[in-house]
There are 4 protein chains.
Amino acid sequence: MPTSPTPNSTRRSERSRVAILTATRELIGDLGYAKLTIEAIAARAGVGKQTIYRWWPSKGAVVFDSLLVLSERPDGGGIELPDTGDLEHDLRTVLRATAAEFSDPAFEAPIRALNTEIINDPDLAAVYREKMESPMREAKRRRLRSAQAAGQLPADTDLDLFIDLLYAPLTQRWLLRSGPLDAPFADALVTAALRAFRP
Amino acid sequence: MPTSPTPNSTRRSERSRVAILTATRELIGDLGYAKLTIEAIAARAGVGKQTIYRWWPSKGAVVFDSLLVLSERPDGGGIELPDTGDLEHDLRTVLRATAAEFSDPAFEAPIRALNTEIINDPDLAAVYREKMESPMREAKRRRLRSAQAAGQLPADTDLDLFIDLLYAPLTQRWLLRSGPLDAPFADALVTAALRAFRP
Amino acid sequence: MPTSPTPNSTRRSERSRVAILTATRELIGDLGYAKLTIEAIAARAGVGKQTIYRWWPSKGAVVFDSLLVLSERPDGGGIELPDTGDLEHDLRTVLRATAAEFSDPAFEAPIRALNTEIINDPDLAAVYREKMESPMREAKRRRLRSAQAAGQLPADTDLDLFIDLLYAPLTQRWLLRSGPLDAPFADALVTAALRAFRP
Amino acid sequence: MPTSPTPNSTRRSERSRVAILTATRELIGDLGYAKLTIEAIAARAGVGKQTIYRWWPSKGAVVFDSLLVLSERPDGGGIELPDTGDLEHDLRTVLRATAAEFSDPAFEAPIRALNTEIINDPDLAAVYREKMESPMREAKRRRLRSAQAAGQLPADTDLDLFIDLLYAPLTQRWLLRSGPLDAPFADALVTAALRAFRP
DNA sequence: CGGTAACCGAGACGGTACGTCAAGTCTTCAA
DNA sequence: TTGAAGACTTGACGTACCGTCTCGGTTACCG
């Protein structure tokens with residue numbers, strides 16, 4: 001496993017680990033991904049470069065770990081999508097929120113940085129899927145299964161395809177900046193996805 | 001416009017321009033994007049570094065221009081999607097071909113390089129949309145309009161949304177390597193997109 | 001002959017020649033010798049680089065020619081040392097004047113530049129001796145021969161040695177900045193040189 | 001002080017320092033001063049360029065330090081001029097030796113390089129006077145004082161002027177290549193200097 | 001007196017070296 | 001014995017100039 005967000009040695013300094021991850025997140029926000037350097041991270045964290053190289057195999061792994069906390073629930077519990085009983089309404093809420101998050105400058109730089117690393121590093125992509133994508137996708141599946149139980153979605157629906165149809169166009173548009181990430185677009189996606197799987 | 005694929009001065013050496021673009025394409029294939037350097041491009045092209053810096057504002061712009069030719073038809077004509085009269089059949093053909101292209105090692109490295117640049121450089125993203133995305137999307141729209149005329153797609157279909165639904169999940173899966181790009185996946189996307197817009 | 005201060009072709013542009021020499025002199029004064037570049041000369045003179053390379057073989061040659069005018073009499077006549085009939089008095093006058101000239105900021109940079117070139121370029125050194133040193137030394141010899149005729153200097157005096165004794169310590173001190181170039185030093189040199197050759 | 005021939009930090013690599021100085025000396029001999037580059041020094045010394053820039057402020061300072069060792073006695077003792085009791089004889093010996101040294105190709109290039117730097121860099125000139133000129137001049141003064149004690153030179157002789165009279169013409173002639181550096185010239189200088197200060 | 005050849009300003013070209021930055025490795029020293 | 005500090009080699013960066021080479025546009029001569 002290329003990243004080690006938790007100490008794998010009792011000797012490891014927790015203080016340094018946190019300082020490095022924090023410094024990395026701050027620097028990505030300040031400079032963007034392209035200008036991020038290991039030296040700057042070490043300097044800002046008040047840490048020797050060797051301490052970074054000792055615990056992470058690549059810059060990408062540091063960046064990844066530093067952003068992992070963004071997706072972690074402080075309470076340790078799993079992520080949960082809203083479930084009012086009305087699938088279409090809930091999906092609109094969630095998709096609009098996702099669109100808004102992409103537009104938030106505080107998330108913009110880090111997520112672009114993360115994508116840059118993942119696109120070019122298959123190992124990191126695997127870790128990403130395991131640590132960040134999977135939990136989120138499982139939460140989405142849970143909500144859709146609940147809808148199936150409620151008879152709002154056919155029982156034989158390919159849930160992963162449904163999720164892809166819903167989210168991929170949104171992510172795509174954000175990555176390539178090919179159009180506005182607004183509520184009408186989010187709503188249109190929800191409508192289209194639901195229509196694609198109606199009986 | 002940040003890139004200038006054609007000489008903007010009578011003094012510009014066409015020989016050098018072509019050599020630079022060719023060398024860039026070859027090096028991306030050999031080394032991947034991350035290890036591509038301006039010095040290596042200049043050396044391989046038999047050109048002074050200054051000649052690159054004189055005509056392109058950034059490494060990304062050179063990479064972009066070098067890949068632009070991949071999307072250009074040698075005959076100068078526009079791109080055209082197949083039109084046998086059967087929309088579903090044609091879309092399957094096209095989507096399967098797109099999936100196959102993504103799996104082709106010759107395209108893999110360059111297109112990942114291009115995406116890396118585009119994600120982090122809004123200017124380049126704009127040029128990308130204008131020079132590469134737009135012509136392709138227009139060709140897709142033409143095929144869909146033809147289907148509308150043939151009564152295979154409702155006249156009020158939001159063609160751009162249709163295209164997003166069809167292609168975004170494919171691109172997403174390829175970028176993040178989150179699953180196989182095979183014929184069943186392509187077919188499922190076609191089916192889902194068509195069902196989303198059936199009357 | 002490595003330098004050609006006068007046009008050797010009727011086609012040569014006198015305007016350009018003068019502009020180049022003037023620009024060179026100005027730039028040496030502004031930047032010092034080390035930062036002087038052919039490109040800057042060409043730019044300041046409003047001249048193509050090729051026009052410089054066409055007429056001078058090296059940067060040193062341009063510098064040399066540009067400084068040659070400093071030693072030329074505007075009236076075209078030769079240099080002449082004062083001759084009041086009192087050798088010691090005249091030598092003091094001349095040596096003090098030489099010391100003052102060395103201290104003049106307007107001469108400082110150019111003459112250092114000239115020396116730098118001459119030290120490292122034997123060809124230039126030869127031209128320097130012919131064009132600048134010889135006429136000056138001949139004028140000094142003339143004054144000393146006049147003194148011999150007046151019985152103020154033995155007839156068998158080695159005039160070149162006398163001149164070296166007089167001027168070399170002055171030049172040395174200026175070049176290496178090893179001491180003040182003041183009147184007492186000049187006077188001491190005159191006294192010593194005269195004593196060295198008194199009967 | 002612009003040069004630091006001895007490590008000013010315990011962290012400094014003595015191996016690198018010596019390699020740089022040695023490479024510089026060798027390259028000056030091979031290429032001459034004008035073609036000496038920092039890159040070539042670093043390459044020949046097997047050292048990163050940064051290591052040079054870290055410890056020396058300019059190319060001149062490296063050149064200077066590399067030549068400093070030429071004037072250092074390995075035994076740590078000071079320089080001493082011969083003292084047979086016969087001043088004229090000793091001065092002839094020393095001046096002829098100096099002339100011969102100037103003619104030695106192994107000294108030619110480095111000393112010209114040194115002079116080039118010193119002429120154009122007042123700071124370097126100051127260090128030169130302190131580290132190289134002064135010890136040598138003091139040795140000369142000692143020999144002359146010994147002659148004064150022996151009654152071969154008046155007690156009120158201006159020793160520095162005497163030294164200038166003796167050496168400046170020699171150095172001048174060598175720098176400008178204005179004449180042969182042979183024994184007759186050396187002898188003539190000795191004779192003249194002694195005559196200038198005889199009672 | 002009209003062609004033409006040399007010279008001109010301009011500036012692109014293939015290069016070399018600059019001085020800086022950062023990468024990843026290695027060494028020293030204090031806690 | 002870890003970890004901070006930071007020197008080390010390496011190598012790419014983007015810039016400045018080098019000296020050469022066109023490119024059109026004068027300019028002066030020669031046929």
Side-chain angles (χ1 to χ4, degrees), chain A residues 9-13 15-17 19-20 35-43 45-59, chain B residues 7 9-17 19-20 35-43 45-59, chain C residues 7 9-17 19 35-43 45-59, chain D residues 7 9-17 19 35-43 45-59:
Chain A
S9 160
T10 49
R11 310 302 279 275
R12 180 166 188 184
S13 158
R15 157 196 283 276
S16 294
R17 204 192 114 257
I20 289 165
K35 294 188 179 169
L36 180 70
T37 66
I38 295 273
E39 301 224 317
I41 295 172
V47 136
K49 278 197 292 176
Q50 201 54 42
T51 304
I52 298 180
Y53 285 111
R54 198 166 2 243
W55 299 110
W56 286 272
S58 67
K59 190 173 75 173
Chain B
S9 159
T10 49
R11 307 291 292 279
R12 182 166 185 183
S13 161
E14 180 64 10
R15 157 194 286 275
S16 294
R17 204 193 113 256
I20 289 165
K35 295 187 178 169
L36 179 69
T37 66
I38 295 274
E39 299 224 318
I41 295 171
V47 138
K49 276 198 290 178
Q50 201 57 47
T51 302
I52 299 180
Y53 286 110
R54 184 150 36 224
W55 300 109
W56 286 275
S58 67
K59 189 173 76 170
Chain C
S9 159
T10 47
R11 308 294 286 277
R12 180 167 187 180
S13 160
E14 181 63 11
R15 157 196 283 275
S16 294
R17 205 193 113 256
K35 294 187 180 171
L36 180 68
T37 66
I38 296 274
E39 299 225 317
I41 295 172
V47 137
K49 279 197 291 178
Q50 199 62 12
T51 303
I52 299 180
Y53 285 110
R54 186 151 34 224
W55 301 109
W56 287 273
S58 68
K59 188 173 77 171
Chain D
S9 159
T10 49
R11 307 293 289 277
R12 180 168 187 181
S13 160
E14 180 64 10
R15 158 196 284 275
S16 293
R17 204 193 113 255
K35 295 188 179 169
L36 180 69
T37 66
I38 296 274
E39 301 224 316
I41 295 171
V47 137
K49 277 196 291 178
Q50 201 60 45
T51 302
I52 300 180
Y53 286 110
R54 185 152 33 228
W55 299 110
W56 286 273
S58 68
K59 189 173 74 172

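The sequence lines fix the lettering, A, B, ..., with proteins before strands; numbering per chain opens at 1.
- Within the 4.0 Å cut-off from OP1 or OP2 of E:dC21, not a single side-chain nitrogen or oxygen of A:Thr37 is found.
- One N or O donor and one acceptor, one from the side chain of A:Gln50 and one from the base of E:dC26, sit under 3.5 Å apart.
- When each of B:Ala40 and C:Lys59 is assigned the nucleotide of DNA chain F bearing its nearest heavy atom, the one mapping closer to the 5' terminus is B:Ala40.
- Mapping B:Arg15 and D:Leu36 onto DNA chain E via the closest heavy atom, the residue that lands nearer the 5' end is B:Arg15.
- Residue D:Thr51 has no polar side-chain atom (N or O) positioned under 4.0 Å from OP1 or OP2 of F:dA7.
- A heavy-atom distance below 4.5 Å is not found between the side chains of B:Arg17 and B:Trp55.
- Rounded to a whole Å, the CZ atom of D:Arg11 is 10 Å from the P atom of E:dA30.
- For the pair B:Ile38 CD1 and E:dG14 C1', the computed distance is 16 Å after rounding to whole Å.
- Counting atom types as modelled, D:Arg54 pairs no side-chain N or O with a base atom of F:dA7 as donor and acceptor under 3.5 Å.
- Among E:dA17, F:dA4, E:dG24, the nucleotide with an atom closest to any side-chain atom of D:Glu39 is E:dA17.
- Atom CD1 of A:Ile20 is separated from atom C1' of F:dG3 by 10 Å (rounded to the nearest Å).
- The distance from atom CD of D:Glu14 to atom P of E:dT28 is 14 Å, rounded to the nearest whole Å.
- Side-chain atoms of C:Lys49 do not come within 3.5 Å of backbone N or O of C:Ile41 as any donor-acceptor pair.
- Applying the 4.0 Å criterion to OP1 and OP2 of E:dC13, one finds that B:Trp55 has a side-chain N or O inside that range.
- Taking both residues in full, the closest heavy atoms of D:Lys59 and D:Leu36 are given as NZ-O, 3.1 Å, listed atom of the first, atom of the second, then distance.
- One distance of note links CD1 of B:Ile52 with CD of B:Gln50; it measures 10.0 Å at 0.5 Å rounding.
- Computed from coordinates, the A:Tyr53 OH to F:dG3 P distance equals 17 Å when rounded to whole Å.
- Taking side-chain N and O atoms only, B:Ser16 has a distance below 4.0 Å to OP1 or OP2 of E:dG14.
- For B:Trp56 and F:dG14, the CH2 to C1' distance is 16 Å, given to the nearest whole Å.
- Residues B:Ala42 and B:Gly48 approach most closely at CB-C, 4.3 Å, considering heavy atoms.
- Straight-line distance from the CZ atom of D:Arg12 to the P atom of E:dT28: 16 Å, rounded to whole Å.
- Residue C:Ile41 contributes atom CD1, which lies 15 Å from atom C1' of F:dA16 at whole-angstrom precision.
- Nearest-nucleotide positions on DNA chain F place A:Gly46 closer to the 5' end than the other of D:Lys49 and A:Gly46.
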